[in-house]
Protein chains: 2
Amino acid sequence: MGMARNAHDHVHEMHRGASLEHAARESLEKAGEQWTEMRAAVFTALAGFSRPASAYDIAEAVGAARGRRVAANSIYRILDLFVASNLALRVESANAYVANTHPGCRHDCIFLVCDSCGQVTHIDDEHLSNGVRAAAEKARFAPVRPVIEVRGRCANCVAKGEQSPPPQA
Amino acid sequence: MGMARNAHDHVHEMHRGASLEHAARESLEKAGEQWTEMRAAVFTALAGFSRPASAYDIAEAVGAARGRRVAANSIYRILDLFVASNLALRVESANAYVANTHPGCRHDCIFLVCDSCGQVTHIDDEHLSNGVRAAAEKARFAPVRPVIEVRGRCANCVAKGEQSPPPQA
DNA sequence: CAGCGGACGTTACAACATATCATTGATGGA
DNA sequence: TCCATCAATGATATGTTGTAACGTCCGCTG
């Protein structure tokens with residue numbers, strides 16, 4: 001487990017591995033929901049991907065882990081719960097999901113989605129997200145959920161000169 | 001045809017109806033592409049929706065207009081061209097498209113998507129979109145296309161107390 | 001006319017998402 | 001104990017969104 005102090009002077013727990021799952025469980029139970037075997041398996045699978053995973057990716061991973069096929073249906077139910085409970089985040093422009101590394105802390109977030117390798121990095125910038133909310137309000141719009149994502153190429157891929165088609169897994 | 005001067009001191013042509021189609025045609029031809037009957041029909045259908053339209057919505061509309069079924073395939077090809085040429089914009093969080101009312105002017109844009117009535121309003125704020133680009137660059141990411149959308153409820157729906165399920169067409 | 005390239009048609013399929021109803025298992029009350 | 005109930009999950013089907021592969025048509029040009 002690690003700590004990090006970011007640009008807007010705001011402490012986040014950046015969890016990984018077992019610590020992340022523990023934090024997720026705590027967070028879900030604090031919301032009055034159960035941490036079931038299935039939910040744990042979905043979370044583990046999700047956290048195991050280094051890139052955003054589709055519901056079907058997760059279904060496959062969970063199915064492999066328990067030696068039994070799992071229907072998309074069940075995965076979507078759990079992902080919806082995770083998103084509602086802030087354990088996972090949906091990347092709209094990729095129709096896919098990522099585990100939230102600090103599930104206890106809810107805020108708008110910004111995704112940088114690499115079109116070469118598919119990796120997503122997640123940054124927070126309250127100044128920007130508040131700016132977006134403010135702009136919406138100025139247009140007499142009641143913002144509920146800002147979606148701020150940037151498609152482009154990560155430092156790694158720019159350095160390597162990689163082209164667009166993302167490799168597997 | 002009308003003119004508008006917006007917050008960042010920047011003139012846009014805000015086209016509607018025949019003027020919009022004319023501007024779209026000009027814009028496409030200036031890009032070295034042909035303005036075919038099919039493309040005209042797709043643009044007309046797209047511009048005829050008051051809300052973001054899916055490729056299948058458009059396929060249906062175009063099919064009805066010419067009395068002959070049109071495959072999704074063809075629509076996607078044309079929509080991709082339109083997006084690349086800035087005649088249309090894709091609303092990522094809705095998997096749908098809107099006509100660009102000022103096709104000659106290319107910039108990042110911000111969508112406000114009403115979860116009650118489904119309407120989308122499109123605002124521009126260079127300060128914000130530049131901020132998003134800058135944040136990405138600061139993370140050593142080469143931004144190509146910012147996706148800035150806000151889900152929420154438009155002034156109208158807030159006033160009417162409408163709930164989420166969007167009405168048809 | 002032959003050859004070429006762009007636009008569109010046709011068919012099939014892959015990927016993403018939801019609807020509906022059945023089953024299971026835990027809990028609590030009569 | 002027995003049963004009612006409810007949350008979670010399973011099973012099945014279907015709806016929606018997006019691509020792939022290949023064929024045809026047509027206008028252009030040598």
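The structure displayed is predicted, hence computed values, not measured ones. Each chain gets a letter, A, B and so on, in the order the sequences are listed, and its residues count up from 1.
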Trainee: CZ of A:R133 to CD1 of A:I148: how many Å apart, nearest 0.5 Å?
Mentor: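 Between A:R133 CZ and A:I148 CD1, I get 9.0 Å after rounding to 0.5 Å.
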Trainee: Checking only heavy atoms, does the side chain of B:Y56 share a donor-acceptor pair with the base of D:dG15 at less than 3.5 Å?
Mentor: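 No pair found.
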Trainee: Output the rounded distance in Å from CG (B:N95) to P (D:dG15).
Mentor: 18 Å
Trainee: With the side chain of B:N73 defined as its heavy atoms from C-beta on, choose the nearest nucleotide among C:dT10, D:dT12, C:dA17.
Mentor: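 The closest nucleotide is C:dT10.
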Trainee: Starting at CZ of A:R68 and ending at P of D:dG10, how long is that distance when rounded to a whole Å?
Mentor: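 Checked: the CZ to P distance equals 6 Å.
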Trainee: Looking at C:dC16, I'd like to know if its phosphate oxygens (OP1 or OP2) sit under 4.0 Å from a side-chain N or O belonging to A:S54.
Mentor: yes
Trainee: Give one of base, sugar-phosphate or nothing for A:R77, where a contact means two heavy atoms less than 4.0 Å apart.
Mentor: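 Here A:R77 touches the bases of the nucleic acid.
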Trainee: OP1, OP2 of D:dA7 versus side-chain N and O of A:Q34: anything below 4.0 Å?
Mentor: no
Trainee: In this structure, how many angstroms lie between the P atom of C:dG6 and the CG atom of B:L28, rounded?
Mentor: 15 Å
Trainee: Which residue, B:A72 or A:G32, contacts DNA chain D at a nucleotide closer to its 5' end, judged by nearest heavy atom?
Mentor: A:G32
Trainee: Could you state the atom-to-atom distance from OH of B:Y97 to P of D:dT17 in whole Å?
Mentor: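 Nearest whole value for this atom pair: 10 Å.
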Trainee: As a test of reading the structure: which of C:dC8, C:dT18, D:dT9 is closest to the side chain of A:Y76, going by heavy atoms?
Mentor: C:dT18
Trainee: Let me know the distance between CG of B:L79 and C1' of D:dG18, rounded to the nearest Å.
Mentor: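 From B:L79 CG to D:dG18 C1': 11 Å.
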Trainee: To the nearest angstrom, how far is A:L81 atom CG from C:dA17 atom C1'?
Mentor: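 Roughly 17 Å, once rounded to whole Å.
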Trainee: Report the distance from atom CZ of A:R69 to atom P of D:dG10, rounded to the nearest whole Å.
Mentor: 11 Å
Trainee: Rounded to the Å, how far apart are A:I75 CD1 and D:dT12 P?
Mentor: 17 Å
Trainee: Please check if the side chain of B:E149 supplies one atom and the backbone of B:E92 the other of a donor-acceptor pair under 3.5 Å.
Mentor: yes
Trainee: Can you label the angle between the B:H107 ring and the B:H102 ring as parallel, tilted or perpendicular, going by 30° and 60°?
Mentor: tilted
Trainee: By nearest atom, which of the nucleotides C:dT10, C:dA7, D:dA8 is closest to the A:E33 side chain?
Mentor: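 Side chain of A:E33 sits closest to D:dA8.
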Trainee: Once rounded to the nearest 0.5 Å, what's the spacing between atom CZ of B:F43 and atom CE of B:M38?
Mentor: 15.0 Å
Trainee: Using a 6.0 Å cut-off, check whether atom CD of A:E33 has over 12 heavy atoms from anything other than its own residue.
Mentor: yes
Trainee: With a 4.0 Å cutoff (strictly under), does any side-chain N or O of A:S74 reach OP1 or OP2 of D:dT9?
Mentor: no
Trainee: Touch check for A:A55, heavy atoms < 4.0 angstrom, all strands: base, sugar-phosphate only, or nothing?
Mentor: nothing
Trainee: Within the pair B:R66 and C:dC8, is there a side-chain N or O less than 4.0 Å away from OP1 or OP2?
Mentor: no
